[in-house]
Amino acid sequence: MEKIHSFLSILFAIQKKLNIFVDVHSLSVVYLKTIKRDTMEKKTLKAGFVGSGFAARFHYNALQHVFSAKVEIAGVFSVAREEAEQFATHGNMVIFDTLEELIDASDVIHVCTPPVTHEEIVVAALAKNKNVIVEKPFTGYFGDGTEGFSGENFSREEGLQKTVESIKRMLDAEKVSTGRIMYAENWVYAPPVQKEREIIEKSKAQILWMNGEQSHSGSHSLAYGEWKFSGGGSLIGKGCHPLTAVIYFKHVEGRARFGEPIRPKTVSARVHSITRLPNFDDQGYLKTHYKDVEDFAIVHIVFEDGTIADVIANELSLGGTNNWIRVNANNHRTLCNMSHNNTMETYTPDEKYFDDIYVVEKTETKQGWSQISPDEGWFLGYQHELNAFYNAAANGTPIESNSKLAADTMSTLYASYVSAEKNGAEVEISIL
């Protein structure tokens, strides 16, 4: 009250000195709202990391931009102890000896481990009523556990069945928990995608056809090339991004127009292993370490309302990463371009000048003209994603990239593998 009285005294003094009218009431209301906003205590949440590799470091960096809550790092648990010790130097983290101890010490669990471990960690965190951020892919089929397992000769029907069972166990764990699943699909939170969400919601648009792509010259990770570690190749590793985005847009449309999401119904798909063809002429620019997974995939989705989407994913594209979605609706058309935009363009006659300068993901050369991404994490939605998740954890706001979206994506992906095994035959999608 002392601050308010002082503020009012200053207002009356100004009014008397300058002989002008001052709307004391309105200014007082504005002042009170400002005080409330500035003094309102943000909720403090403790973040726990499971895993200490690339994804964990990416999450840690993005956490520095969270403003919807106060974030304290509880610590890290990782089976790779030496790697965990290096990661723990960020903010003097505590290294926990068990997963259970980390979960007990945390409010939000970051699952930054290989996807084969996701289900176990997610279920354990939800059992203790903790919010859990799980990296993509959500789950999957990683073989029968035998040494001789090969991604080239197992039944895709079995892979779909096992994946759906895993999804169901995770969703069932969420139903009985006060914690929530937050699916870390950064494309959902990329600024162009969220702006298109606003357009769809406010214009009540009907989306007729979408197409999208993620492609580049291939992953550096050797584990990416083996099914038992990755759960598939280009379709799941790259196709998950545009596929989740097109499914998300139909969820948004359905909620805006009918009060519930429009779900994917059937899928037709083809996959190929181009760099493993005996006649492939390797010039050294594309990655070629794929053991039993595909390096090209194309998917055609039909939704419940009969509208469609097409997604391409591959490891065959030079010149940087292609990240885009096109939306064709009954009242507008949009291109969401997360990469290869002209926000910043620069030229150098010799790439030696740019040795210590990051240009853009997956570019083969820095010589000549480059389309630099001045803040790649921002454009791709990583920072927005974690801020939204912590806002949901602290304040109970809705989760855009939720478990239902994750379930639809994974069911569609593995139904796509069944379709590809049948040379593109249409396959029903299991909706949970």
Side-chain angles (χ1 to χ4, degrees), residues 54 58 136-137 186-187 190 192 210-227 230 232-246 269-299 310-326 335-382 416 420:
F54 176 79
F58 222 97
K136 53 203 167 293
N186 56 284
W187 275 40
M210 292 174 283
N211 61 326
E213 176 182 355
Q214 182 175 87
S215 62
H216 55 62
S217 57
S219 172
H220 293 288
S221 170
L222 294 178
Y224 181 87
E226 291 195 55
W227 195 294
S230 59
S234 296
L235 177 55
I236 191 169
K238 290 179 175 55
C240 66
H241 298 289
L243 182 61
T244 305
V246 298
R270 295 299 303 268
V271 300
H272 301 278
S273 298
I274 303 301
T275 58
R276 288 197 283 140
L277 290 173
N279 64 349
F280 171 62
D281 182 10
D282 187 0
Q283 295 291 313
Y285 299 114
L286 299 174
K287 299 293 181 292
T288 59
H289 57 269
Y290 315 116
K291 181 180 178 182
D292 59 354
V293 300
E294 76 281 356
D295 56 22
F296 177 92
I298 185 166
V299 177
D310 296 289
V311 167
I312 294 175
N314 68 78
E315 328 283 330
L316 309 175
S317 301
L318 297 175
T321 304
N322 296 298
N323 295 317
W324 56 266
I325 295 284
R326 288 191 180 95
L335 168 62
C336 299
N337 195 10
M338 279 72 76
S339 63
H340 288 302
N341 56 59
N342 60 0
T343 303
M344 181 177 180
E345 297 179 300
T346 188
Y347 172 87
T348 182
D350 193 324
E351 63 182 347
K352 68 182 180 182
Y353 299 115
F354 282 15
D355 278 348
D356 296 327
I357 299 171
Y358 180 79
V359 172
V360 72
E361 183 183 8
K362 298 295 182 183
T363 188
E364 289 77 36
T365 180
K366 300 176 184 178
Q367 186 168 311
W369 280 102
S370 295
Q371 293 173 316
I372 289 184
S373 185
D375 191 341
E376 201 164 57
W378 187 92
F379 277 102
L380 292 174
Y382 289 107
S416 298

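One-based numbering along the sequence shown. What's counted below: heavy atoms across the whole structure, side chains too, no hydrogens, waters or symmetry copies.
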Donor-acceptor pair, [X] side chain versus [Y] backbone, under 3.5 Å?
{"X": "Ser219", "Y": "Tyr224", "answer": "no"}
{"X": "Ser370", "Y": "Ile372", "answer": "no"}
{"X": "Asn211", "Y": "Asp310", "answer": "no"}
{"X": "Lys287", "Y": "Ser217", "answer": "no"}
{"X": "Glu376", "Y": "Glu361", "answer": "yes"}
{"X": "Arg270", "Y": "Phe296", "answer": "no"}

Nearest non-hydrogen partners of [X] and [Y], listed with the distance:
{"X": "Pro242", "Y": "Ile312", "value": "CG-O, 4.4 Å"}
{"X": "Gly239", "Y": "Ala313", "value": "N-CB, 3.4 Å"}
{"X": "Ser416", "Y": "Ala269", "value": "O-CB, 3.5 Å"}
{"X": "Thr365", "Y": "Glu351", "value": "OG1-OE1, 3.2 Å"}
{"X": "Cys336", "Y": "Pro192", "value": "SG-O, 3.6 Å"}

Atom [atom1] of [X] and atom [atom2] of [Y]: how far apart are they, to the nearest 0.5 Å?
{"X": "Ile357", "Y": "Asp355", "atom1": "CD1", "atom2": "CG", "value": "8.5 Å"}
{"X": "Leu286", "Y": "Phe280", "atom1": "CG", "atom2": "CZ", "value": "5.0 Å"}
{"X": "Asn337", "Y": "Leu335", "atom1": "CG", "atom2": "CG", "value": "5.0 Å"}
{"X": "Asn279", "Y": "Ile274", "atom1": "CG", "atom2": "CD1", "value": "9.0 Å"}
{"X": "Tyr290", "Y": "Arg276", "atom1": "OH", "atom2": "CZ", "value": "10.5 Å"}
{"X": "Trp187", "Y": "Cys240", "atom1": "CH2", "atom2": "SG", "value": "9.0 Å"}

Between Thr275 and Asp282, does the side-chain contact (heavy atoms from CB on, under 4.5 Å) criterion hold? Intermediate values first, please.
CA-CA 8 Å; Thr275 58; Asp282 187 0; over 6 Å; no

So with a 6.0 Å cut-off around [atom1] of [X], is the heavy-atom count from everything else above 12?
{"X": "Phe54", "atom1": "CZ", "answer": "no"}
{"X": "Asp356", "atom1": "CG", "answer": "no"}
{"X": "Lys291", "atom1": "NZ", "answer": "no"}
{"X": "Tyr285", "atom1": "OH", "answer": "no"}

Side chain to side chain, [X] and [Y], heavy atoms closer than 4.5 Å:
{"X": "Pro374", "Y": "Thr343", "result": "yes"}
{"X": "Asp292", "Y": "Glu226", "result": "yes"}
{"X": "Asn186", "Y": "Lys136", "result": "yes"}
{"X": "Phe379", "Y": "Ser339", "result": "no"}
{"X": "Glu294", "Y": "Leu235", "result": "yes"}
{"X": "Asp295", "Y": "Leu316", "result": "yes"}

Residue pair Lys238, Asn314: steps toward the side-chain contact (heavy atoms from CB on, under 4.5 Å) verdict
CA-CA 7 Å; Lys238 290 179 175 55; Asn314 68 78; over 6 Å; no

Per the side-chain hydrogen bond (donor to acceptor under 3.5 Å, both in side chains) rule, which among Gln214, Glu213, His216, His241 passes with Asn323?
Gln214

Between Asn322 and His340, is the side-chain contact (heavy atoms from CB on, under 4.5 Å) condition met? List the steps.
CA-CA 7 Å; Asn322 296 298; His340 288 302; 3.3 Å; yes

